[in-house]
**Student:** 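For reference, the structure I am asking about is given below.
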Amino acid sequence: MKFLEERIKSEGIVLGSDILKVDSFLNHQVDPVLMARIGAEFAEKFRHLQITKVLTIESSGIAPALMTSFDLKVPLVFARKQKSRILNNEVFSTTVYSYTKQSENQISISKKFISANDRILIIDDFLANGQAVQGLLDIIEQAQAQAVGVGIVIEKAFQKGHQLILSKHIPLFSLASIDHLVDGKVIFSKKQEQADVKQR
Ligand code: 5GP
């Protein structure tokens, strides 16, 4: 997705060797036109998988996930980051280690909104070590639903998440794949190894 790469090159801010800030269009201010293009790309890639729900985690996953669900005409459900005190029997929940905040979050989804009949597409803004996606997969398993694909806006292919998802044989499609970050620059991957988005 050339236009996303261009946007990352012109507006992304590299912090050290492992964090990319894209606050001007994805993580703080949100560009709705870009989100619509992103949603259309994901929808086109995954449409044949009979998806019934799109799943993400608040808050930065919501914008791309919403546009994807809009194109697929299925509901979006986002996992909430809640304090464990207010969790109850009505929710599926798990613990996720936050890469950027370096702390653990309890995430939860109401049992009302995900069930064993669901075929779920996970969408998130970034893929680093795969903890956020792993947390959502854990919840999908609790609900006895099926994870049929993972769509990531920006993946850092040099971290563990990419291989983690491939090892689970879940189709992974990333719109921008970063090979490494060096001297304040973003170097994109030349060829992406992605799990095939075939019929599941
Ligand atoms: P993971 O769970 O894969 O280790 O990390 C993914 C989550 O951490 C994403 O949902 C995203 O919010 C956040 N994250 C990880 N790496 C970055 C990054 O380089 N930049 C930003 N803005 N967020 C990141």
Side-chain angles (χ1 to χ4, degrees), residues 1 4 18-20 22 26-27 35 38-39 41-43 45-46 49 51-69 72 74-82 91-110 113-115 118-179 189 192-198 200:
M1 214 191 182
L4 179 59
D18 64 344
I19 297 273
L20 173 68
V22 284
L26 180 59
N27 292 129
M35 291 308 124
I38 284 171
E41 291 271 337
F42 283 139
K45 196 77 185 176
F46 293 107
L49 296 177
I51 288 147
T52 61
K53 298 229 163 126
V54 173
L55 201 60
T56 192
I57 301 188
E58 67 177 357
S59 54
S60 291
I62 293 177
L66 176 66
M67 298 317 290
T68 308
S69 68
L72 291 171
V74 298
L76 158 69
V77 181
F78 62 87
R80 292 188 142 152
K81 294 172 183 161
Q82 285 180 326
V91 296
F92 299 115
S93 72
T94 192
T95 304
V96 167
Y97 181 79
S98 163
Y99 186 81
T100 44
K101 300 201 175 71
Q102 302 202 329
S103 64
E104 288 200 328
N105 274 316
Q106 193 83 18
I107 63 162
S108 65
I109 293 181
S110 167
F113 300 129
I114 158 170
S115 70
D118 279 318
R119 294 174 58 79
I120 295 178
L121 172 62
I122 293 173
I123 297 287
D124 206 5
D125 60 337
F126 271 90
L127 178 64
N129 287 326
Q131 296 301 295
V133 170
Q134 178 60 60
L136 292 173
L137 290 172
D138 189 3
I139 284 181
I140 290 169
E141 200 179 314
Q142 290 175 42
Q144 299 179 311
Q146 199 185 347
V148 297
V150 176
I152 299 290
V153 181
I154 304 170
E155 71 161 22
K156 293 178 290 176
F158 56 91
Q159 293 178 311
K160 293 190 191 122
H162 182 98
Q163 283 309 324
L164 180 83
I165 297 170
L166 290 189
S167 73
K168 293 175 187 292
H169 306 290
I170 299 172
L172 167 66
F173 177 57
S174 306
L175 294 175
S177 177
I178 295 173
D179 186 72
S189 310
Q192 289 184 45
E193 185 202 344
Q194 313 228 13
D196 244 2
V197 185
K198 290 191 295 241
R200 275 167 66 84

**Student:** Taking atom CD of Q106 and atom OG1 of T94, what is their separation to the nearest 0.5 Å?
**Tutor:** 7.0 Å
**Student:** Would you indicate whether E58, at its atom CD, is surrounded by more than 12 heavy atoms from other residues, nucleotides or ligands within a distance under 6.0 Å?
**Tutor:**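 Count over threshold, so yes.
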**Student:** When you compare the side chain of Q142 with that of D138, does any pair of heavy atoms fall below 4.5 Å?
**Tutor:**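 They are in side-chain contact.
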**Student:** Could you report the tightest heavy-atom contact between S108 and S93, atom names first, then the distance?
**Tutor:** CB-CB, 3.8 Å
**Student:** Please report the shortest heavy-atom distance between S69 and L76, naming the atom on each side.
**Tutor:** OG-CB, 3.6 Å
**Student:** Test side chain to side chain contact (heavy atoms under 4.5 Å, CB included) on F126 and V22 and set out the steps.
**Tutor:** CA-CA 10 Å; F126 271 90; V22 284; 3.8 Å; yes
**Student:** Under the side chain to side chain contact (heavy atoms under 4.5 Å, CB included) rule, what do F42 and L72 come out as? Steps first, then yes or no, please.
**Tutor:** CA-CA 9 Å; F42 283 139; L72 291 171; over 6 Å; no
**Student:** May I ask you to test the L49-L121 pair for a side-chain heavy-atom distance under 4.5 Å?
**Tutor:**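 Not in contact.
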**Student:** Return the minimal non-hydrogen interatomic distance between I178 and F158, and the atom names on each side.
**Tutor:** O-CD2, 3.7 Å
**Student:** Minimum heavy-atom separation for D125 to S60, with atom names?
**Tutor:** OD2-CB, 3.0 Å
**Student:** Could you grab the distance from atom OG of S115 to atom NZ of K53, nearest 0.5 Å is fine?
**Tutor:**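 Nearest 0.5 Å value for the OG-NZ distance: 6.0 Å.
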**Student:** Can you check whether D18 reaches Y99 side chain to side chain, under 4.5 Å on heavy atoms?
**Tutor:** yes
**Student:** When rounded to the nearest 0.5 angstrom, what is the spacing between CD1 in I107 and CD in Q131?
**Tutor:**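 If we round to the nearest 0.5 Å, I107:CD1 and Q131:CD are 10.5 Å apart.
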**Student:** Out of curiosity, L172 CG to I122 CD1, how far, rounded to the nearest 0.5 Å?
**Tutor:**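 Interatomic distance, L172 CG to I122 CD1, rounded to 0.5 Å: 10.5 Å.
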**Student:** Determine, step by step, whether Q134 and V96 satisfy the side chain to side chain contact (heavy atoms under 4.5 Å, CB included) criterion, reporting the C-alpha distance in whole Å, the side-chain angles of both residues, the deciding distance to 0.1 Å, and the verdict.
**Tutor:** CA-CA 8 Å; Q134 178 60 60; V96 167; over 6 Å; no
**Student:** Starting at CD of Q146, measure out to OG1 of T52 and round the result to the nearest 0.5 Å.
**Tutor:**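 The CD atom of Q146 sits 10.0 Å away from the OG1 atom of T52.
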**Student:** Kindly indicate, with the supporting measurements, whether the criterion side chain to side chain contact (heavy atoms under 4.5 Å, CB included) is fulfilled by L26 and M35.
**Tutor:** CA-CA 8 Å; L26 180 59; M35 291 308 124; 3.6 Å; yes
**Student:** Considering all heavy atoms of both residues, which atom of K160 and which atom of N129 are nearest to each other, and what is their separation?
**Tutor:** N-OD1, 3.2 Å
**Student:** Identify which one of I114, V148, I51 satisfies the side chain to side chain contact (heavy atoms under 4.5 Å, CB included) criterion when paired with I120.
**Tutor:** I114
**Student:** Going by heavy atoms in the side chains, are L55 and I109 under 4.5 Å from each other?
**Tutor:** yes
**Student:** Could you tell me whether the side chain of T56 and the main chain of A65 form a donor-acceptor pair under 3.5 Å?
**Tutor:**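 A pair under 3.5 Å: no.
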**Student:** Tell me if a side-chain donor or acceptor on Q159 pairs with a main-chain N or O of L127 at a distance below 3.5 Å.
**Tutor:** no
**Student:** Kindly give the heavy-atom pair with the smallest separation between S59 and K81, and that separation in Å.
**Tutor:** N-NZ, 4.2 Å
**Student:** For E104, does the CD atom have more than 12 heavy-atom neighbours from other residues, nucleotides or ligands under 6.0 Å away?
**Tutor:** yes
**Student:** Any donor-acceptor pair under 3.5 Å linking the side chain of S98 with the backbone of K101?
**Tutor:**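 Yes.
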**Student:** Please round to the nearest 0.5 Å and tell me the distance separating atom CG of D124 and atom CG of L136.
**Tutor:** 7.0 Å
